[in-house]
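Reading through the structure tokens given below for one structure.
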2 protein chains.
Amino acid sequence: MAEILAVQDGKRERAKAANRDAILKAAKRVFAEIGYETATVRDIIRGTELASGTFYNYFRSKEEVFEALAEDGARRFRPVLRAARESAVDFEDYIRRAITGYFQFLIAERIGEDGRPVSEMAPHFRTDTPEMKAVYEEVRLGLEDAIARGLAPPVDTDYLARACIGLSQDVGAAMLQRSPPDVEAAAAFAAQFIIGGVNALPRKR
Amino acid sequence: MAEILAVQDGKRERAKAANRDAILKAAKRVFAEIGYETATVRDIIRGTELASGTFYNYFRSKEEVFEALAEDGARRFRPVLRAARESAVDFEDYIRRAITGYFQFLIAERIGEDGRPVSEMAPHFRTDTPEMKAVYEEVRLGLEDAIARGLAPPVDTDYLARACIGLSQDVGAAMLQRSPPDVEAAAAFAAQFIIGGVNALPRKR
DNA sequence: GCCGTTTCGTGACGGCGTGTCAACTTTGCG
DNA sequence: CGCAAAGTTGACACGCCGTCACGAAACGGC
């Protein structure tokens, strides 16, 4: 009756989800406060009500927690990319929407104004984790899609996706270092750069 | 007589330089073999003939050794950039030379064919260390120089430098993952992308 | 050469974080 | 209610960290 939308009813399942969530939340806070490198598993677990051993029922290491956080972020970001792809009227529009979405995401995700810079908090911000790879694939598919529709010239989509991601990450980081960060200006810069770049590319494949 | 070009004669100075060098060499090998994250200061010192305490006479931590290695790399790379700037006949030529130089550098620097991927070995590959910042400055100056000479349109050189660096890093990484890596093709891709991007940029400042 | 001074290598030590595990508590279920 | 399964707990052994008192080796004045 009261559990109309109870996705999990067992007390065990609820506790499990709650514990995992508590650890993730604590980790996010601890990483932001003292930095990923210096943070210890104990620091994280102290941020919860659980005992040290319990940590290892959920994650194998500090690194795995970080990856889980990155996965979360990527999972939340993917819909933004997909929406950009589906609602865009042309290639230029797609790029602009995707970049703007990413930069807004960056602003929204950084721990409320304080916290350490992303660079310090993200030690190995590479396309390692599965969900990270999924974002890369989403970008690449978006580009291939545009090419298939004749909206962009046929080029090496692997290089192109990597180029767009690397460029966006660094311009995004530069944007965050300015105060106040200007999403519009940064997005316009990155988007126009990419569009111009794509059009100048050697047409392969 | 026999010491015509002896830069350091004191036995102390020579030992110091040799020890520091031994630690750096061992660290480079250890990082490549077992990865930066899992490597310990003890692992590094075991790769030399020295005692554990000696490590701390030269570096404060594993991270500081890594930074020293990064500094070394950046210091060796900077002349490549400078040469590109000085010998280039126009903006397009400058970009092409710089990118090609960087990609050749990547190929030359990776631990002989084996070793872990750069991404795993370089946990915080950001523009943190002084020498790293110097590379960024070198890039930015090269771009400002081109703009001042009217070879490129006036744009936000901070964003532009970041964009070029991020793009080059990621395309370079993608190149290294292919076998065999094709420096020419990758450099042509990155250079043309950048040139096209710059020309499409909103002219500010 | 000799010896006081300084510099530096050495490895043992206290402190701390790690990951494990046997004992204990809670939940699910008949 | 009671048993089995699942999960939590914190103490423990292990390994790494960074330091420090000690001794050896190099320097430099005589």
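Below, chains carry the letters A, B, ... as their sequence lines are ordered, and counting in each starts from 1. Quick caveat, the model's predicted, so the values are computed rather than measured. Side chains are part of it too, since the values below use all heavy atoms of this structure and drop only hydrogens, waters and symmetry mates.
Taking the six-membered ring where the residue is Trp, Phe55(A) and Phe59(A) present tilted rings, their angle falling between 30° and 60°.
Atom CD1 in Ile45(A) sits roughly 15 Å away from atom P in dA11(D) (whole-Å rounding). When the P atom of dT9(D) is taken as reference, atom CZ of Arg46(A) falls 15 Å away, rounded to whole Å. Between the CZ atom of Phe55(B) and the C1' atom of dT19(D) there is a distance of 14 Å, given to the nearest Å. Nucleotide dT6(C) holds its C1' atom 14 Å from the CD atom of Glu13(B), rounded to whole Å. Summarising the geometry, the separation between CZ on Arg14(A) and P on dT26(C) is reported as 16 Å, rounded to the nearest angstrom. Rounded to whole Å, atom P of dG7(D) lies 13 Å from atom CD1 of Ile23(A). Per the geometry, NZ belonging to Lys11(B) stands 12 Å off C1' belonging to dC27(D), to the nearest Å. Put simply, CG on Asn19(B) is 12 Å from C1' on dT10(C), counting in whole angstrom units.
Checking the phosphate oxygens (OP1, OP2) of dC8(C), a side-chain nitrogen or oxygen of Lys16(B) falls inside 4.0 Å. When the side-chain nitrogen and oxygen atoms of Asn57(B) are compared with OP1 and OP2 of dG9(C), one or more of them lie within a distance under 4.0 Å. Taking only side-chain nitrogens and oxygens, Tyr58(B) never comes nearer than 4.0 Å to OP1 or OP2 of dC8(C). Side-chain N/O atoms of Thr54(B) include one lying less than 4.0 angstrom from OP1 or OP2 on dT10(C).
The local environment of CZ in Arg76(B) is crowded, with over 12 non-hydrogen atoms from other residues, nucleotides or ligands closer than 6.0 Å.
When the nucleotides dG19(C), dG28(C), dC17(D) are ranked by their closest atom to the side chain of Arg42(A), dG19(C) comes out on top. Nearest to the side-chain atoms of Leu50(A) among the listed nucleotides dT18(C), dC17(D), dT9(D) stands dT9(D).
When heavy atoms are screened at a 4.0 angstrom cut-off, Ser52(B) is found touching base atoms of the nucleic acid.
Of the inter-residue distances, the one linking Leu143(A) atom CG with Arg140(A) atom CZ reads 9.0 Å to the nearest 0.5 angstrom.
At a cut-off of 3.5 angstrom, the base of dG9(C) holds no donor-acceptor pair with the side chain of Arg12(B).
Contact of the Lys16(B) side chain with the Tyr58(B) side chain is registered, since non-hydrogen atoms from C-beta on lie closer than 4.5 Å.
A side-chain donor-acceptor contact under 3.5 Å links Thr40(B) and Asp43(B).
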